[in-house]
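These notes are about the structure you will find just below.
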Amino acid sequence: MAFPSDPELPAFPPIDFRAELNDEQFHAVTAEPGPLLVLAGAGSGKTRTLTYRVAYLLSQGVRPGEILLLTFTNKAAKEMLQRVHELTGVEPGRFWGGTFHSIGHRTLRLHGESIGLPRSFTILDAEESEGVLRDAVDALDKGFFKDKTHPKPGPLHAILSMARNTQLSLAETVQRFFPQHEEIRDRLPEFARAYAERKRAGCQLDYDDLLELWLDLLRRSPETREYFAHRFRHVLVDEYQDTNVLQSQIVDLIGSHHRVMAVGDDAQCIYTWRGANVENILTFPDRHPGTVIHRIETNYRSTPQILALANGVLLAQPRGRSFEKELRPHRANSEKPYYVQTMDGREQAQFIVQRIRGLIDEGCSLRDIAILYRAHFQALDIQLELARLQIPYQITSGVRFFEQAHVRDLVALLRFVFNPADTAAWGRIAVLLPKVGDKNAQKLHAAALDHARLMQQDFVDALGTDDVASRVPRDARDEWPKFTASLRQVRDVMRTLKPHNAVEIALDGWYGDYLKGAYANYESRLDDLRSLVGFAGRHEDMHELLAQVMLLGSETGDRSADPTEDALRLTTVHQAKGLEYAAVFLIGLAEGSFPLRRAIEAGDVEEERRLFYVAVTRARDELYLCFPKLNTKGGPAMLQSPSRFLEELPPDLYQPLRPRRSLGW
């Protein structure tokens, strides 16, 4: 294969790399070609290092077309190459730079015929991929998706995708990531084969094919592999700790000359739930003999006291399972992080609001303050308190608690049982049944209303009669008796017990089974709904609970996220990665909440510790570590233990701060 012509480089002013970079960055940027592992600590200038590495290679006579830059977002690649353009005048379009998937697509379009892939292939988006999978499964088993406990096409596609990206068997994938679907794991191989055959027949690729077939091309076509290995004299990979098995193998094959610079931080590998494998970065030196490791540890973001605590987190990692590193401060001394023990989640929320007011008085803007949490349900109390006091906030990791689809579903079920005349609530839950649309839902409600009036019967009881059941669409008839029985159970409990009992029964019944099949992240959504049990326990009457939910929903109505709006930021730690704030409140630091109980049971504590490290390194000036002693999430209050991540830290790394209960909280 001939190399395409690469125009001469434009002349650009010499760059004083020595003056532009600190010592650590300079040594990495100007390192001799070869296998390089750059361990870039939080806030140390990782992007700057990569950008200047590209500029340095150009200054040494390397052509743009000989550099491959692999990133995880197109935005990251665009920003880096634009900065290179500003430094050197070299147009971004002259590089091969982008996400793994975009470069995979480009490669397959050019060379896919080597493995029998026509150039005319089309790429399916997520919705189309699920549609093809649904059709493939329907052709094998018409009744599969009628069982509400079976995964719907979206979650089923997520299972197959995880197996492909991790190269685990489907059985092991289910066991590790989707245990709620253990009973169908033996069916999955035939579904995967049928899905692949249907895509092949339509000359279609899904998102995962772009990686799988790229790797297949490199393995099966030595000529193509050699072409890329010779063309790309330098391979640069951003956020290397987030690579999955496929991506790591692709890099190893293209970089078989070992002129690979992998930039990342094993302590920030927090995405194994979507396929990332920390072993890729830990074993990089083994796969690339002679690897030179560069540590970039000078932190420009946080105070020395916050970094001391972050280093304490790193020291608690098991020896031999991570690279040693120590963040070093560039900034002047300040206050130690604060350890705040509160009675429960409500007092935690009240403390945070009071302290935020103090920060505002001290000149801090709302948008430079963040509340971080491990899982969405942990932010319920703080959302309620912010809504009550009309403090503006944005959730940057999804929608607000009462706006989430599964929360709205369960609330609609409760609303309908409490008031069967609420046709809006009925319409929301009825359409969750197979083949029941809005018009069907209206007809079923009208039929039940007529029957109830004629027979002077309770409306919920009327739903279960043969007269109404005969009008149910064929695909929903098997599910209808369970659906109506669950509604009756909720009604009976609602009449005799407390609101939280009704929520528990609703969650344990038909809707709980529906949830299992409807969402790939079933367990986290179940946690959200269990927290609704605790919220319901604060109310004596169902009408009071439902009124509060609806009022809160209207007060926290959907507003598009505006990065310039002066609003408090609420986000999961996962979504906060890469961001920074003047003040950070890390909430819910109790065993079972952070680390999550299911992570402890699954043996994933090390990833939870890395999450904790990511969380504390988001703070620039002030860090508040909040521990509520009582858990009221799922029913009666229970004493909690502080998170092991707090207990592991030497107490001299933080200072206690007691909420001022004299304020009348």
Side-chain angles (χ1 to χ4, degrees), residues 130 133-134 137-138 141-159 174 178-184 187 376-377 398-399 401-418 420 422 424-438 440-441 444-445 448 460 463-464 468-469 472-494 502-533 536 549 634:
E130 291 168 16
L133 176 59
R134 181 192 60 239
V137 172
D138 278 344
D141 181 354
K142 265 290 184 187
F144 181 80
F145 291 123
K146 293 180 182 179
D147 187 328
K148 65 181 177 298
T149 65
H150 288 169
K152 294 186 183 303
L156 180 60
H157 190 276
I159 296 172
V174 169
F178 306 94
Q180 69 270 27
H181 297 307
E182 183 70 28
E183 74 281 358
I184 64 151
R187 306 288 309 277
H376 283 291
F377 70 86
V399 297
F401 184 84
F402 289 109
E403 296 165 2
Q404 297 178 99
H406 53 297
V407 176
R408 293 180 67 190
D409 287 344
L410 193 66
V411 169
L413 190 152
L414 296 169
R415 280 173 50 198
F416 168 72
V417 173
F418 182 74
D422 187 341
W426 166 255
R428 183 171 185 94
I429 60 169
V431 298
L432 300 179
L433 294 161
K435 302 297 183 182
V436 175
D438 291 334
N440 289 131
L444 290 169
H445 191 278
V460 174
L463 285 171
V468 178
V472 175
R474 185 184 304 276
D475 287 351
R477 286 180 185 170
D478 288 345
E479 201 168 323
W480 186 258
K482 301 173 187 175
F483 173 70
T484 55
S486 182
L487 296 180
R488 289 194 299 273
Q489 289 173 339
V490 175
R491 179 204 59 196
D492 294 343
V493 170
M494 199 177 284
V503 177
E504 287 175 331
I505 291 297
L507 188 51
D508 289 340
W510 172 85
Y511 188 73
D513 288 339
Y514 166 82
L515 191 76
K516 185 182 293 187
Y519 298 105
N521 60 342
Y522 158 74
E523 290 184 333
S524 64
R525 291 181 187 258
L526 189 60
D527 281 339
D528 289 339
L529 296 179
R530 284 174 177 155
S531 71
L532 199 57
V533 176
V549 169

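Heavy atoms only: backbone and side chains are in, while hydrogens, waters and symmetry mates are out.
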Work out which heavy atom in [X] is nearest to a heavy atom in [Y]; give both atom names and the distance.
X	Y	result
P179	E523	CG-OE2, 3.8 Å
L414	V490	CD2-CG1, 4.1 Å
F401	D528	CZ-O, 3.4 Å
G427	A441	CA-CB, 4.5 Å
P155	A518	CG-O, 3.4 Å
V503	A536	CG2-CB, 3.8 Å

Going from [atom1] on [X] to [atom2] on [Y], what distance comes out if it is rounded to the nearest 0.5 angstrom?
X	Y	atom1	atom2	answer
F377	R530	CZ	CZ	9.5 Å
R408	R428	CZ	CZ	4.5 Å
E479	K148	CD	NZ	4.5 Å
F178	I159	CZ	CD1	5.5 Å
L515	L507	CG	CG	7.5 Å
H406	L532	NE2	CG	9.5 Å

For this session: Kindly say whether P473 contributes a backbone atom to a donor-acceptor pair with the side chain of W480 at under 3.5 angstrom?
Result: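 A pair under 3.5 Å: no.
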For this session: Just jot down the side chain to side chain donor-acceptor pair (under 3.5 Å) partners of D508, sequence neighbours excluded, or say none.
Result: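 In terms of side chain to side chain donor-acceptor pair (under 3.5 Å), with neighbours along the sequence ignored, D508 is linked to no residue.
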Problem set entry | Mutual orientation of the aromatic rings belonging to W510 and F483 [parallel < 30°, tilted 30-60°, perpendicular > 60°] |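 Because their plane-to-plane angle is over 60°, the rings of W510 and F483 count as perpendicular.
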Problem set entry | Geometric class of the H150/F144 ring pair [parallel <30°, tilted 30-60°, perpendicular >60°] |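 Ring orientation, 0 to 90° scale: parallel.
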For this session: Would you please indicate if the ring centroids of Y522 and Y519 are separated by under 6.0 Å?
Result: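 Centroid separation for Y522 and Y519: 6.0 Å or greater.
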Problem set entry | Residue pair R525, L529: steps toward the side chain to side chain contact (heavy atoms under 4.5 Å, CB included) verdict | CA-CA 6 Å; R525 291 181 187 258; L529 296 179; 5.8 Å; no
Exercise. Can Y511 and I429 be said to form a side chain to side chain contact (heavy atoms under 4.5 Å, CB included), step by step?
Worked result: CA-CA 9 Å; Y511 188 73; I429 60 169; over 6 Å; no
Exercise. Name the one of D475, D141, D478 that satisfies side-chain hydrogen bond (donor to acceptor under 3.5 Å, both in side chains) with K146?
Worked result: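 That would be D475.
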Problem set entry | Any pair counted as salt bridge (charged side-chain N to carboxylate O under 4.0 Å, His left out), so long as it reaches residues 481-493, sequence neighbours left out |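 Qualifying pairs: D458-R491, D461-R491.
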Exercise. What residues, two or more places apart in sequence or in another chain, satisfy ring-ring contact (aromatic ring centres under 6.0 Å, His included) together with H157?
Worked result: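 H157: ring-ring contact (aromatic ring centres under 6.0 Å, His included) contacts with Y195.
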For this session: Could you tell me whether the side chain of P420 reaches within less than 4.5 Å of the side chain of L463, counting heavy atoms only?
Result: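 A side-chain contact is absent here, since even the closest heavy-atom pair is not under 4.5 Å.
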